[in-house]
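Working notes, beginning with the structure itself.
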Amino acid sequence: MFASEFEEEQYKLRQDKLKRIQELGVEAGLQPLEATYPNSFRTTHEVPAILREYAEVSGDALEADRVDAAVAGRVMAHRRQGKAGFAVLQANGARLQIYVRKDDVGERAFELYKLLDLGDHIGVSGYLFRTRTGELTLHVRELIFLAKAMLALPDKFHGLTDIELRYRQRYVDLFMDNGEEIEASSSSELSSASALSFRSEAEGCAVQFEPASASEKNPEALAAATPGLKRMPAREVFVKRAQVLKALRTFFDSRGYIEVETPMMQPVAGGAAARPFVTHHNTMDMELYLRIAPELYLKRLVVGGMDRVYEINRNFRNEGISTQHNPEFTMLEFYQAYANYHDLMDLTERLVTFVAMEVNGTTLIDFPLPKGPRLGEMVQIDLGKWERLSMKEAIVKWWPRDAGSPPSEYDYASAVRFTFAMESALDTLARVNRGDLSREYQLSLVDAESSLRAALNDADEEPGYGLEPKRTDGKSAGKAIATLFERLAEQHLVQPTIIYDFPLAVSPLSKAKPDEPDWVERFEFYIGGFEVGNAFSELNDPEDQRRRFEAQLGERERGDDEAHQMDADYVRALAYGLPPTGGEGIGIDRLTMLLTGSRSIRDVILFPLLRPAKKPALEKLEDAPATELEQL
RNA sequence: GGACGCGUAGCUCAACUGGCAGAGCAUUCGACUCUUAAUCGACAGGUUGUAGGUUCGAUUCCUACCGCGUCCA
C-alpha cells in the first residue's frame, strides 16, 4: 500500500491526528466512532446548487436576508491565519469557500479545524456571505469531521500530471484534475490560451478553467497557429460520457427500439474479425470466449421477432493497445428489421447530430487529431455535416498524385489484375524525380509507396473463395482493396464521412449488392481520421451464410486467426427466417473522445488496462538477494 | 512486434560539456481574525527505475532489463 517509507511516516502522522480528532469529539460528547468516521451528515444544500442559486445574489442581499446552509465536501485548500482561516470544500466537482473563525465556532471546533489535512471530508453549517473580493463563502458556525485522508494529496497547483498515475489512481485524478495542465507539442505561450474553453456550465461551477492571459492575446494569431492541447477535466469527461449514453438511449427508446443484453461469454466468438479472450467454465468444463461483438445474438433476436433492438455493452478483443484501442471497449449495436444500409446512413447522421446537441449543445467540436501526419493538430469538426463516398470513390479521391491513374473496375475484378495495377502504380511512382522536392513531399511519396505495397501484399495472399465463378484466377481482390482504402484514405476522413460499398471478401456477414456480387451493402463512418461505426444490410440467406463461414474457415486454416468462426446455430437461426434487416455498431469510447476533445481512448475509460503496478520498494529489497543467487 | 522519448524528494520540476543532488508545493514546528498557488521564519525529507560497464569521479556516457508515453505495424 505504501509507496515509500516517507509515505508510511505520513500515514502514521495522520493516524496520530485522527486520534487527536477522536479525543476532541469525545470531549464534545460523541462516541469514538462518531468522532472519526460518522455515518452521516445532513446537508441542506449541494455545493453545485449553492453556487448556481446564489451566483447573482449580492453580499448586501445576503446580509439583509441571511441564508443558512449545511454542506459537506472534501478540503481542497486550507489557509490559516492565526485564529481564523479559509478553506475550500469540493463536492460533486464544484468548489465552495468556507470561512472559519475561532470566535464563531469555539475553541474545540477551531482546534479540529487546525488538525485538518488536504483531502479530509468535513461537514459545515453556517450562513452565506461575500468576501471583500466578492467570492461567495460560507461563514461557518459548526464544523463536523466526516472522514480522514490518510495519504497526502498531489501538488495542489499542478495536480497529477504523470499520465500513468492519472490512469492508475483514477480516484485521485477524478477529484484533483482541473484540466488546466498543458500538454507538450506546441509552445507554452500559445497553449495557455486554448481554443477550447471547458466550463462546467451544467453545474454552474465556480471552477473556471480559462487562463487569465487568454484575453490579452491576439485571437487571430491564436486561430492561425495550432492551439495547445488543453484537456477537459477528467471528471467532466466522465460526466459527458454518461450524457452520451443517456442521449443514445433516448434516441433509440423514442424510436421503438428495445434495449437488450446478450451473452458476454460465448461458446463461439463471432460477429467481428478479432482474436478473443478465452476463459473456462469449471462445472461445465467448457471453453468460453469473451465476446468480440454481440452481433450474432442480436440478429437471433430479430429472427425472434424483436424488430428493433439495441445493446450498449462491453466487447473484448485480444489485440494491441493504442490511443484508439483498449482491450475492453463499449459498443453500441442496433438492428432494425425491414431497413437496409441506406436507411442506416440517414439514421446515423441523425443519431450523431442528436447526441452532439444533447451533450454539447452544438454539433461543432474542437478535436486534436490523434494520429496520422497531422497528429496533434486541433481541427474543428461539424458533426452535423456529412459527406458520403463509396470506397472506390475514396480511393480515387486520395490516390497518390504521382502514381498514374487509379485502379479501374477491370483491375478490381481479380487479384491477378489488381496485383498488376499496384505494380505498375509503384513503377510510375518510382520514376518521379525527387531531387528538388521538399522533404514533406518526399515523405508523402514514401507513404504512398508503402500503402501500395501493403495492398500488393494482401493481393498476393488473397485466397480464392470459389464464390465467383467468373474469375479466371479464382481469387478476389477484396481484402487488398480494403487495405488500399485504409492506407490511402482513412487518415484524411476528418469531417464526418460515410464510406459505403465494401468488398465482399472482408464482409462475411453483409448482404451482397444485387448488381455487383463482389461488393456488399455495407458502410463505415469516419470522424477525426478514425472509424467510429460500421453498418450493413444483414446477410439473411442461410445457404450463403454457411458458404461464407466455410470460406472464413479456409482463411483460418491459412493462418488468419482473426477470420470468422463457424457458428452453426446462427446459420440455423437464419434458416428460420431473418427479415431483411439493417444493423450497425458504433464505438462509444471513440464517439466520447470526439465529444470531449480527448486524444486517447484511455482518457474516456475510467480504468483503462495497464500492467500491474511495480512492487513496493520494501518487497523489492527482499527479493533482490534471491535473484542474485539464481544468477550464480 | 519495431522506432523514438521519459523515469531524480509524497507531488511538480532543476542540476550547463561527466565534478559537493537543488527549488517550489505538501508534510512537521512557530507567527498571523477577509485569504484564495495566502504570506513570513525554521526543521525534515534522496540507494537519481533495476542490474552491470567505462571513469579518479556517473543523475549525466555505454549495455541489458523493468515500467510508462508517443508514433508505426
Side-chain angles (χ1 to χ4, degrees), chain A residues 2-14 16-17 59 75-88 95-105 110 113-115 117-119 129-137 139-140 149-169 172-173 176 178 180-185 206-207 212 229 319-325 369-376 446-447 450-451 453-454 457 483 486-487 491 599-600 602-603 608 610-615 617 620-621 623-624 627-628 630-631:
Chain A
F2 297 111
S4 66
E5 285 177 44
F6 178 87
E7 193 169 280
E8 196 168 349
E9 274 171 38
Q10 291 288 306
Y11 197 93
K12 282 176 180 154
L13 246 163
R14 295 204 175 186
D16 293 342
K17 278 188 173 180
V75 178
M76 293 303 287
H78 192 220
R79 300 181 281 273
R80 255 179 47 212
Q81 299 140 271
K83 297 178 184 61
F86 289 89
V88 173
R95 293 180 169 199
L96 175 69
Q97 180 169 264
I98 64 169
Y99 180 48
V100 181
R101 256 179 16 173
K102 189 174 179 178
D103 291 351
D104 296 315
V105 296
F110 198 73
Y113 177 74
K114 287 200 285 190
L115 283 166
D117 286 303
L118 294 184
F129 76 108
R130 285 197 182 272
T131 62
R132 238 171 246 166
T133 54
E135 179 166 349
L136 187 67
T137 303
H139 194 126
V140 176
M150 302 300 287
L151 295 169
L153 265 44
D155 185 296
K156 70 178 172 194
F157 186 61
H158 297 96
L160 266 189
T161 63
D162 185 325
I163 294 176
E164 179 191 351
L165 274 182
R166 287 188 42 232
Y167 297 149
R168 275 194 201 286
Q169 305 189 28
V172 177
D173 188 35
M176 284 302 295
N178 59 17
E180 246 171 333
E181 163 226 343
I182 305 304
E183 301 193 5
S185 108
V207 193
L229 304 177
E319 293 172 344
I321 294 176
S322 80
T323 44
Q324 291 106 57
H325 300 86
L369 294 180
K371 63 174 186 179
R374 292 162 70 193
L375 170 82
V446 171
D447 189 51
S450 83
S451 301
R453 271 194 204 292
N457 281 340
T483 299
E486 272 173 37
R487 296 294 302 257
Q491 59 184 334
R599 314 172 61 198
S600 167
R602 290 179 165 196
D603 290 324
L610 300 170
R611 283 206 169 70
K614 48 188 169 185
K615 293 179 190 174
K620 205 176 257 170
L621 285 176
D623 282 356
T627 37
E628 272 176 27
E630 275 170 33
Q631 282 166 359

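Chain letters run A, B, ... following the sequence lines, proteins first and then strands; every chain starts at 1. What you are looking at is a predicted structure, and each value in this text was computed from that prediction instead of being measured.
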Checking Lys83(A) now: which residues fulfil side-chain contact (heavy atoms from CB on, under 4.5 Å) with it, not counting sequence neighbours? Lys102(A)
Protein N or O to nucleotides 71-73 of chain B N or O, pairs below 3.5 Å:
from	atom 1	to	atom 2	distance (Å)
rC71(B)	OP1	Pro370(A)	O	2.5
rC72(B)	OP1	Gly372(A)	N	3.2
rA73(B)	OP1	Arg487(A)	NH2	3.4

side-chain contact (heavy atoms from CB on, under 4.5 Å) filter on Leu118(A), not counting sequence neighbours, yields Val75(A), His78(A), Leu153(A)
Restricting to nitrogen or oxygen on both sides, can you table the protein-nucleotides 40-45 of chain B pairs closer than 3.5 Å?
none

Under the rule of Watson-Crick or G-U wobble with both distances under 3.5 Å, where | means paired to another strand and [ ] a crossing pair, RNA chain B maps to (((((((..((((.....[..))))..((((.......))))......(((((..]....)))))))))))).
Can you sort out the partners of Thr131(A) under side-chain contact (heavy atoms from CB on, under 4.5 Å), two or more places apart, ordered by chain and number? Phe86(A), Gln97(A), Phe129(A), Thr133(A), Glu135(A), Thr137(A)
How would you list, by chain and number, every residue that makes a side-chain contact (heavy atoms from CB on, under 4.5 Å) with Arg101(A), sequence neighbours excluded? Ala84(A), Tyr99(A), Asp104(A), His139(A)
Residues in side chain to side chain donor-acceptor pair (under 3.5 Å) with Thr483(A), at least two apart? Asp458(A)
Name all residues meeting the ring pair (Phe, Tyr, Trp, His ring centres under 6.0 Å) criterion together with Phe110(A); count only those two or more places apart in sequence or in a different chain, and write none if there are none. Tyr113(A)
Applying salt bridge (charged side-chain N to carboxylate O under 4.0 Å, His left out), can you list everything that pairs with Arg487(A), at least two apart in sequence or on another chain? none
Hey, does Gln81(A) reach any base, or is it just sugar-phosphate, or nothing, if we go heavy atoms under 4.0 Å? base
Which atoms of nucleotides 21-25 of chain B (N or O only) lie under 3.5 Å from a protein N or O atom, and what are those distances?
from	atom 1	to	atom 2	distance (Å)
rG24(B)	N2	Asp155(A)	OD2	2.6
rC25(B)	O3'	Lys156(A)	NZ	3.3

